[in-house]
Every structure is written in C-alpha cells, then in structure tokens.
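Notes follow once the structure below has been shown.
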Number of protein chains: 2
Amino acid sequence: MKKITIGEAARQSGVKVPTVRYYESIGLLAAPSRSEGNQRSFEPADVSRLAFIRHARELGFEIEAIRTLLTLQDDPHQSCASADAIAKARLIEVEQRIRSLKALKAELETMVEGCGHGRVDQCRVIEVLADHGQCTHPHH
Amino acid sequence: MKKITIGEAARQSGVKVPTVRYYESIGLLAAPSRSEGNQRSFEPADVSRLAFIRHARELGFEIEAIRTLLTLQDDPHQSCASADAIAKARLIEVEQRIRSLKALKAELETMVEGCGHGRVDQCRVIEVLADHGQCTHPHH
DNA sequence: TCTTGCACCTCTAGTCGCTAGAGGATGTAG
DNA sequence: CTACATCCTCTAGCGACTAGAGGTGCAAGA
C-alpha cells in the first residue's frame, strides 16, 4: 500500500494543497483515509479525480457542473446526455464571451489609439469612458 | 436646487441602488449631502461619475483601476500616460483572454462533436476531461 | 538521540464586487 | 389618513479559493 500525501497528490494533479482540502470540504472529493499521525493518505484514483476537476475548472466549468460530471463519471452506465448538455451550455457561454470580448477589444483599441499622450483633458481613454455614446459597439 | 434621489441616480446611471451605496462605502463616490430625513441627495456630477464607473466596469476594469482613472479625470491637467497604460494593460488582458477562450472553444467543440449520445463510458466529454493529454490545444 | 526544517493539521478570516435580506424610517399619492 | 414605494443601516452570503495563525508529524543529517 503506497501512501500518497496531500503534497504529492497536489503535485501530480496540479491542484494546490489548500484547494485539495477545500474540495474535500465541499464534498467534491471523498475524505481519504488517514495515517497514524492524522495525515491524509490518497489513492491513485483520487489523484485522477483531482486532475479531472482541475481540467474541468481550466475549461471554466463551475463546481456544481463538475459535481454533476463527476457523478456521471462514477456511474458509466448512465446516458451521457447530461454531460453533453453541460458541455454544450458551456460552449455557448464561451462563444458569447468571445463575442463580447471582441467588441470590448475594439473599444479599448479605439481608446488607446486615440490617446495622443498629452494631458488628461484631451485623453480619449477618459473621454470614451465618460461617454458611452462614443462607443462604436453599443453591445456592453 | 434639484435633488436627485438614490433611485433616480441609479436609473440615470444604470448602476443599481445597493451598488451606488457600495461605491460610496469604498470611497469611489464621495458621500453626497443628505435630506432632512437622512436620505441621499446627489448632484448631476455624481450621476456622471456613476455612469463613468459603470462603463469602465462593463469594459472589465477593476475597481482599483477605476479609482486611478477617476483621480485622473478629477485633475485634467495631469499627463494621461497612466490612463493610457491602464487601458493598454486591459487590452492585453482582453487579447489573452480571447486567445485562451478560443482554444477552449475548440476543446469544447471536440468534446461535444465526439459525443455519440450513448452511455457515459463511451462519452468523449467525460473522457477528454479525465485525460488532458487528449486535448488538441495544450494551452490551458 | 537529537535537532533541524519542511510538510502536514485545523481553524478563521480575507479576497472581489457585489447582492440579499432584516427591520425600520421617510416621502408621496389618493 | 392610509397605503405603498422608496429610502435607511446593518449583517451575511455568493463562488472559488487564498492567506495566515498556531500547532503536530516525520524523515534525514550531525
């Protein structure tokens, strides 16, 4: 029986040590067994689960969505319709976010280009911020 | 002397009432004068300031950045270099965010397309989440 | 064996930018 | 005068951690 310490689990999964404890505290990760000295002792499966969580977090899934995805993973005979729906919803979110960030980028570019590096009273950055009507894209 | 209530200021600026109070509490907006019955009484300048804040927030500027932008606006004889720097930094952030979201979108698309709508054990969504090595873009 | 020093433990509180709710006062229209 | 909306202050909560205090466990070198 190899014992994986929390530090080792953190290193292998890429999740920080306090975050591992946090995930345990919110029930995303089952409480592992403990050593004689009350230290957590993880299984390889726990490390995989942490890597799964980390990857999903990086892709911007919320904890509650991940909780659902994990329960699906735990029971592989279920239909994957929920997993599909969660991923699709996330995809739509991401597409919208990209669209709005592009509008925003255009706005910021106008601001920065217009700045003549003079005094504030001629500054387009401040001016545009003060008056939304000057925005090229009204979408925000 | 026209008196602008907090509700009116909120309506005109597009900032919610509790948020106006919050901005006052963190010193982003000067405490306005009060009516006999202790109710806030705003000036038109306060409403402009709130609109400025709202617009900057919509563009994703953090409160501390907005604080700096506001002090610049308050003293229009200063150089606008700081405003320019803040806007440029924000632009770079936005560009990076767009790039990473695009990688993410590609990832999610692969996941969703690969899903055969069968059972979880054949589901690409779950599979890809469990194994980062399957990602087309390693950039996340 | 002792000691050094890092990794671990629990617990609380803080982060950001609000938002929600309790419990009460004020202001206005009918 | 009575509804009723709006206002007031205050505290607590959100998500997803992060930081710090104060203490314990453990492995390796002197």
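Values below: every heavy atom of this structure, side chains too, minus hydrogens, waters and symmetry copies. Just so it is clear: chains get the letters A, B, ... in the order the sequence lines come, proteins before strands, and each one is counted from 1.
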So does B:T5 get a side-chain nitrogen or oxygen closer than 4.0 Å to the phosphate oxygens (OP1/OP2) of D:dT6? no

Within residues 23-35 of chain A, find the residues that approach DNA chain D with a heavy atom at under 4.0 Å, and present them sorted by residue number. A:Y23, A:S35

To the nearest 0.5 Å, what is the distance between CG (B:L70) and CZ (B:R49)? 4.5 Å

Around B:R97, counting heavy atoms of other residues, nucleotides and ligands shown, do more than 12 lie under 6.0 Å from its CZ? no

Please state whether the phosphate of C:dC8, meaning OP1 or OP2, lies under 4.0 angstrom from any side-chain nitrogen or oxygen of A:R21. no

Electrostatic pair A:R124-A:E113, nearest N-O below 4.0 angstrom: no

Salt bridge check: are B:R67 and B:E64 linked by an N-O gap of less than 4.0 Å? yes

From the set D:dA16, D:dG25, C:dG27, return the single nucleotide nearest to any side-chain atom of A:Y22. D:dA16

Are any of the side-chain nitrogens in B:E93 or B:R90 under 4.0 Å away from the carboxylate oxygens of its partner? yes

d(CD, B:Q39; C1', D:dC7) in whole Å: 4 Å

Could you say whether B:P18 or A:V17 is positioned toward the 5' end of DNA chain C, judged by the nucleotide with the nearest heavy atom to each? A:V17

Salt bridge check: are B:E62 and B:R57 linked by an N-O gap of less than 4.0 Å? no

If you check the A:K16 side chain, which of C:dT19, D:dC7, D:dT18 turns out closest? D:dT18

Nearest whole Å is fine: how far is C:dC8 C1' from A:E8 CD? 14 Å

Have a look at A:E36 and say if it touches a base, only the backbone sugar-phosphate, or nothing, with a 4.0 Å heavy-atom cut-off. nothing

B:I53 CD1 - C:dC18 C1' separation (whole Å): 13 Å

Between CZ of A:R54 and P of D:dA16 the distance, given in whole Å, is 17 Å

Separation of A:I63 atom CD1 from D:dC14 atom P, in whole Å? 14 Å

B:H55 (side chain) donor-acceptor with A:V128 (main chain) under 3.5 angstrom: yes

B:N38 CG to D:dC10 C1', straight-line distance once rounded to whole Å: 14 Å

Tell me whether the side-chain N/O atoms of B:R40 come closer than 4.0 Å to OP1 or OP2 in D:dT6. no

Expressed as a whole number of angstroms, how long is the span from B:I4:CD1 to D:dC7:P? 13 Å

Can you tell me the distance, in whole Å, between the NZ atom of B:K3 and the P atom of C:dT26? 13 Å

Side-chain N,O (A:T19) to OP1/OP2 (D:dT18) below 4.0 Å: yes

